[in-house]
Every structure is written in C-alpha cells, then in structure tokens.
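These notes concern the structure reproduced below.
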Amino acid sequence: MQLLSTNACFDGEHRRYQHHSAALDCDMEFAVYLPPAAVGSNPRPVPVLYWLSGLTCTDQNFMQKAGAQKKAAQLGMAIVCPDTSPRGLDLPGEHDSYDFGSGAGFYVNATRQPWAPHYRMYDYVVKELPQLVEGHLPVTEGRSISGHSMGGHGALIAALKNPGHYKSVSAFAPIANPSECPWGQKAFGGYLGNDRKAWEEWDATLLIPTAKERLPLLVDQGTADEFLDSQLNPDALADACERVHHHINLRMHRGYDHSYFFIASFIDDHLEHHASALGLR
Ligand SMILES: N[C@@H](CCC(=O)N[C@@H](CS)C(=O)NCC(=O)O)C(=O)O
C-alpha cells in the first residue's frame, strides 16, 4: 500500500493510503488515525475502531468533521475509515444517483450484474481491510466497529454476522431495517435482485433473531433527523432486540439532525464504549 499523505494530529498522525483491493478489483483509498502511542520511534500496537460512513461520503468526512482524534489519542485507539464504494470504475449508471452505485456500496456483496465483480464492500471492510491494516500498521487484532446511516447499518451487520470478530459495535442513525425503506430497497434490489429472501442476510433487524453472539448495541439517534421517519426506523431494530433479549441502548437525542454536528456531539461516548470493550479502560 502507498502512503498518500500524513498530518500530525494530537501528537498522533492522520494518514491516507492507496492500495489495490482484490475484493473490489479496483484501487481504493482509506484513512487511518494513529494515536501517539502508535507513532514515533517506539510504536506500540493499539486496537482499532473501524468507522463506516454514510451515503455520498469518502474516507474524509468522518476524519474532518467528527472531531474524534483528541479522544482517540487519549485512549490509545486507532481509527480506520474506508471509502463507501468501489472507485475509479465507470459501470453503467454507477454515478447517476447519490443513493446507489458510487458512494453507496451499502456494505453488502452484490450478486447482480454489473455490480457483482466489484461491489463487495462487505468482504472489503470485514476481511480485506483488517488484514491489510493488521499486516502493515502498528495495530493489534482488537477490533471494534461503528458507523453512520448506511455505515451504521454496515457496522451492525458486520458485527452480527461475525461472532468473535469485533469486541464492540455502535451506530449513529443507522438505516436499521433496510428491507423496509426506500434507500435500502433501492440498494438491495439493485445489488441483490428483487427476491426479498436474498435480502434477509443483509438486514440488521432481520439478523437479530438468529445472531450467534449478543454483543450489546449502542445506537444514537437524533429526533430532528430529516431521514428518521422515512428511512431509519430504529424502533424496528429495538423491537427485534426486545423479542430475543438482545441488549440495545437506543438513545434518542432531542433536536439533533442527521449531520456530522450530531455525530461530533456524541462521538466521545462511542469511543469510550469501544475503549472499555477493547481493554483500554
Ligand atoms: N445527499 C443526500 C443526503 C446524503 C447524506 O445525508 N449523507 C450523509 C450520510 S447518509 C452524510 O454523511 N453526508 C456527508 C456529510 O455530511 O459530510 C441528500 O441531500 O438528501
């Protein structure tokens, strides 16, 4: 992998890398924040929080807007931010809308053409990227995962489908039950086809009943989120959790919207949640 840039940040480093992804069959960029403990002449391996961003984002939205680095530096936690879709391709219709194709990979493995050979963001974030990061950077195998909106849902399914792989999971305003909302139906229909049976293994709310590991879920949601009623449906996820006693801490925050102003307001709580699970507290 090739280093593109570095920025000093709270005595640690924000870095951007480019590499060829075998899972996606294209070149990808990602960002990593390394805390002070993991940089310098005597770097010590630190655990990693993976952050999955939402529709229209790249690796940069979270790094530039969430204000997570100060707390991550104090805790001794690395943060890795992948992009939100394969890049540098020109598949038919790929760039036509903000909620499908580029910037909208939905963290699933597509089965329909022309998406199937490249749109495998699930394999990329769950398998390929951690292997790459753990092979090249001073990190341990202690992993946690979080994200926002499409990425909040991505974090939930990554954890629910991979018992033992993550120490903790959390989400901001996740698209909690994609099979039942317009964003999810467009993405699942396009990437997976119209047989709803094939959607079940990619929908967090539908995965809850049979989850093999009951990692507690921390979910934050703003009440003034412009997508709350039409797309997000945290109640469906909470109801599914209640039925099988899967612990969920769903926190509703009065007046907060869907933006990174909301994420910045509560990111420290999420970092503390992951730090405890990763043995940093
Ligand atoms: N562009 C869409 C909304 C896209 C959107 O809200 N994206 C969220 C994630 S779902 C985001 O993080 N946007 C980038 C940012 O705020 O930096 C619209 O205008 O309706």
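One-based numbering, in listed order, for ligands and for the atoms of each.
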Pairing of Arg87 and Asp27 as salt bridge, 4.0 angstrom limit = no

ask   = Any idea which protein heavy atom is nearest atom 8 (C) of ligand 1, and the distance to it?
value = Leu55 O, 3.7 Å

key: Which of the ligand 1 atoms, numbered from 1, are nearer than 4.0 Å to a heavy atom of His258   = 6 (O), 10 (S)

key: Gly54 neighbourhood, listing ligand 1 atoms whose heavy-atom distance to it stays under 4.0 Å   = 9 (C)

ask   = When the aromatic ring centroids of Phe227 and His258 are compared, is their separation below 6.0 Å?
value = yes

ask   = Phe227 heavy atoms, cut-off 4.0 Å: which ligand 1 atoms fall inside?
value = 3 (C), 6 (O), 20 (O)

inquiry  = Using only atom types and a distance under 3.5 Å, with no angle test, would you say the side chain of Glu128 pairs donor to acceptor with the backbone of Ala22?
reply    = yes

Atom 19 (O) of ligand 1 protein-contacted, heavy-atom criterion under 4.0 angstrom = no

query = Among protein heavy atoms, which sits nearest to atom 13 (N) of ligand 1, and what does the distance come to when rounded to 0.1 Å?
reply = Thr56 OG1, 3.5 Å

ask   = Can a cation-pi geometry be assigned to Lys161 and Tyr122, taking NZ or CZ under 6.0 Å from the six-membered ring centre and within 45° of the ring axis?
value = yes

query = Do any N or O atoms from the side chain of Tyr33 and from the backbone of Cys9 form a donor-acceptor pair under 3.5 angstrom?
reply = yes

Protein contact to atom 2 (C) of ligand 1 [nearest heavy atom, distance to 0.1 Å] = Tyr98 CE1, 3.4 Å

query = Any idea which part of Met150 is under 4.0 Å from ligand 1, heavy-atom wise: side chain, backbone, both or neither?
reply = neither

message = I'd like to know if the side chain of His14 pairs up with that of Thr6 as donor and acceptor (distance under 3.5 Å, no hydrogens or angles considered).
response = no

note = closest protein heavy atom to atom 10 (S) of ligand 1 is Ser149 OG, 3.1 Å

message = For Cys57, state whether at least one heavy atom is located under 4.0 Å from any atom of ligand 1.
response = yes

note = His148 heavy atoms within 4.0 Å reach ligand 1 at atoms 9 (C), 12 (O)

task = May I ask you to say whether Arg196 pairs ionically with Glu180, meaning some side-chain N is under 4.0 Å from a carboxylate O?
result = yes

key: Asn61 neighbourhood, listing ligand 1 atoms whose heavy-atom distance to it stays under 4.0 Å   = 14 (C), 15 (C), 17 (O)

ask   = Are Asp269 and Arg251 within salt-bridge range, i.e. N to O under 4.0 Å?
value = yes

query = What protein heavy atom sits nearest atom 16 (O) of ligand 1, and how far away is it?
reply = Lys65 NZ, 3.6 Å

inquiry  = Main chain of Gly103, side chain of Thr56: is a donor-acceptor contact present, judged purely on distance under 3.5 Å?
reply    = no

